[in-house]
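The next block holds one structure in the form of structure tokens; read it before the comments.
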Amino acid sequence: MDDSFALRTPRLRLSVPADTDIDVIFDIHSDSRTYEHRPELAMKTRDEAVELAQSWQKSWIEKQLGYYTVYTLDGTTIGFTGLRHSAEAGEDVLNLYYRFAPESQGKGYAKEAAAAAIASARERFPQLPIVAIIDPSNQASIGLALKLGLQHVPGAGVPGDYEVYRL
């Protein structure tokens with residue numbers, strides 16, 4: 001896949017997901033620690049990772065935007081972040097996503113990677129608002145959204161299911 005959308009930060013490299021990322025997509029998305037707040041959503045099979053990778057790749061091909069695989073500069077895959085075109089309450093938006101291996105959490109990687117992805121998306125799609133859909137009990141995810149400048153939109157989510165944060 002074309003990696004003309006790749007990004008670099010001082011500590012990270014972000015690339016369009018490739019088929020070679022399927023195993024790590026499964027490893028991170030099936031790890032119960034990455035789904036503490038919604039364990040029922042954790043991946044159960046590698047086939048789910050294949051489908052997810054294909055949907056991420058399709059987003060890049062069709063929309064020139066999507067989720068990245070995030071690597072440290074030594075080549076270790078630590079997670080995924082990025083934005084995809086979506087609709088929220090009937091409005092075209094860019095949906096912010098992040099999920100990182102537990103071992104990489106607490107080091108500022110998610111903020112660094114997500115901030116780079118947001119900046120890139122803003123350059124190409126400045127007219128679209130950025131939103132994050134977050135489980136209201138996931139304080140770490142809410143904290144990251146706030147650090148990235150998103151603000152809670154009261155009443156925009158589904159009570160007990162998800163809250164909406166907007167940039």
Side-chain angles (χ1 to χ4, degrees), residues 1 4-7 9 12 14-17 21 25-26 28-44 48-70 78-101 104-105 108-167:
M1 176 154 296
S4 61
F5 295 107
L7 302 173
T9 72
L12 305 171
L14 288 69
S15 295
V16 172
D21 294 321
I25 290 171
F26 179 69
I28 291 173
H29 288 84
S30 66
D31 188 323
S32 61
R33 296 172 296 170
T34 66
Y35 283 92
E36 280 183 45
H37 307 285
R38 299 295 291 266
E40 71 278 8
L41 298 178
M43 281 187 180
K44 315 287 185 282
E48 290 175 273
V50 170
E51 290 176 24
L52 189 59
Q54 289 172 345
S55 75
W56 289 355
Q57 292 165 349
K58 183 178 179 182
S59 179
W60 281 105
I61 291 166
E62 293 179 357
K63 304 285 189 171
Q64 291 72 54
L65 188 70
Y67 301 154
Y68 291 97
T69 301
V70 181
I78 60 169
F80 309 93
T81 192
L83 299 98
R84 283 182 23 176
H85 292 274
S86 186
E88 177 62 33
E91 179 183 22
D92 288 335
V93 299
L94 299 178
N95 182 52
L96 175 63
Y97 174 81
Y98 37 84
R99 187 164 311 277
F100 283 75
S104 69
Q105 294 175 9
Y109 290 138
K111 181 181 180 205
E112 185 175 329
I118 289 169
S120 178
R122 278 274 196 229
E123 287 177 11
R124 293 180 288 123
F125 303 98
Q127 74 283 9
L128 295 176
I130 293 172
V131 301
I133 308 300
I134 303 175
D135 182 296
S137 66
N138 190 339
Q139 291 303 309
S141 186
I142 291 168
L144 177 56
L146 294 172
K147 287 177 188 174
L148 291 165
L150 284 82
Q151 296 184 349
H152 182 240
V153 181
V158 174
D161 187 19
Y162 69 88
E163 299 287 335
V164 176
Y165 290 76
R166 186 178 179 121
L167 184 63

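For reference, positions follow the sequence shown, starting with 1.
The ring pair (Phe, Tyr, Trp, His ring centres under 6.0 Å) check on H152 picks up Y165, with sequence neighbours excluded. Judged as a salt bridge (Lys or Arg N to Asp or Glu O under 4.0 Å), and not counting sequence neighbours, the contacts of R33 are D31, E103. In terms of the side chain to side chain donor-acceptor pair (under 3.5 Å) criterion, residue partners of N95 (sequence neighbours excluded) are, by chain and number, Y67. F125 meets the ring pair (Phe, Tyr, Trp, His ring centres under 6.0 Å) test with H85; sequence neighbours excluded.
With F80 as the partner, the ring pair (Phe, Tyr, Trp, His ring centres under 6.0 Å) test is satisfied by one option alone out of Y97, W56, F100, Y68: W56.
At distances below 3.5 Å, at least one donor-acceptor pair connects side-chain atoms of S59 with backbone N or O atoms of L65. Side-chain atoms of S120 do not come within 3.5 Å of backbone N or O of A117 as any donor-acceptor pair. Within the 3.5 Å criterion, the main-chain N or O of A113 finds no donor-acceptor partner in the side chain of Y98. Side chain of K44 to main chain of A42: a donor-acceptor pair is present (N/O by atom type, distance under 3.5 Å, no hydrogens or angles). Between the side chain of H37 and the main chain of S137, a donor-acceptor pair closer than 3.5 Å is present.
Across E88 and A156, no two heavy atoms sit closer than the pair OE2-O, 3.9 Å. Of all the heavy atoms in A110 and L144, the pair that sits closest is CB-CD2, 3.6 Å.
In this structure, L52 and E48 have side chains that are not in contact, with every pair of non-hydrogen atoms separated by 4.5 Å or more. T9 is not listed as a side-chain neighbour of L7, based on a closest heavy-atom distance of 4.5 Å or more. Within the 4.5 Å cutoff, the side chain of D92 has no heavy atoms near those of the Q127 side chain. Using a 4.5 Å heavy-atom threshold, the side chains of L96 and L148 count as touching. You'll find the side chain of Y35 reaches within 4.5 Å of the side chain of H29, heavy atoms only.
Going from atom CD of E51 over to atom NZ of K58 covers 12.0 Å, rounded to the nearest 0.5 Å. For the atom pair L12 CG and T81 OG1, the distance stands at 10.5 Å (nearest 0.5 Å). Rounding to the nearest 0.5 Å places CD of E36 at 9.0 Å from OG1 of T34. We find the CD1-OG1 distance between I28 and T69 to be 8.5 Å, quoted to the nearest 0.5 Å. Atoms CD1 and CG, on I142 and D135 in that order, are 7.5 Å from each other to the nearest 0.5 Å.
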Checklist entry - Can you list the steps and then say if I133 with V164 is a side chain to side chain contact (heavy atoms under 4.5 Å, CB included)? => result CA-CA 5 Å; I133 308 300; V164 176; 3.8 Å; yes

- prompt: What do the steps show when you test V70 against E112 for side chain to side chain contact (heavy atoms under 4.5 Å, CB included), and what is the final call?
  reply: CA-CA 10 Å; V70 181; E112 185 175 329; over 6 Å; no

Side chain to side chain contact (heavy atoms under 4.5 Å, CB included) evaluation trace for R122 with I130:
CA-CA 9 Å; R122 278 274 196 229; I130 293 172; 4.0 Å; yes

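By the 6.0 Å contact criterion, CD on Q151 is open, its count of non-hydrogen atoms from other residues, nucleotides or ligands being 12 or less.
The list of salt bridge (Lys or Arg N to Asp or Glu O under 4.0 Å) pairs with a residue in residues 146-155, not counting sequence neighbours, is empty. Applying the salt bridge (Lys or Arg N to Asp or Glu O under 4.0 Å) test to pairs two or more places apart or on separate chains, those with a residue in residues 152-167 are R38-D161, E91-R166.
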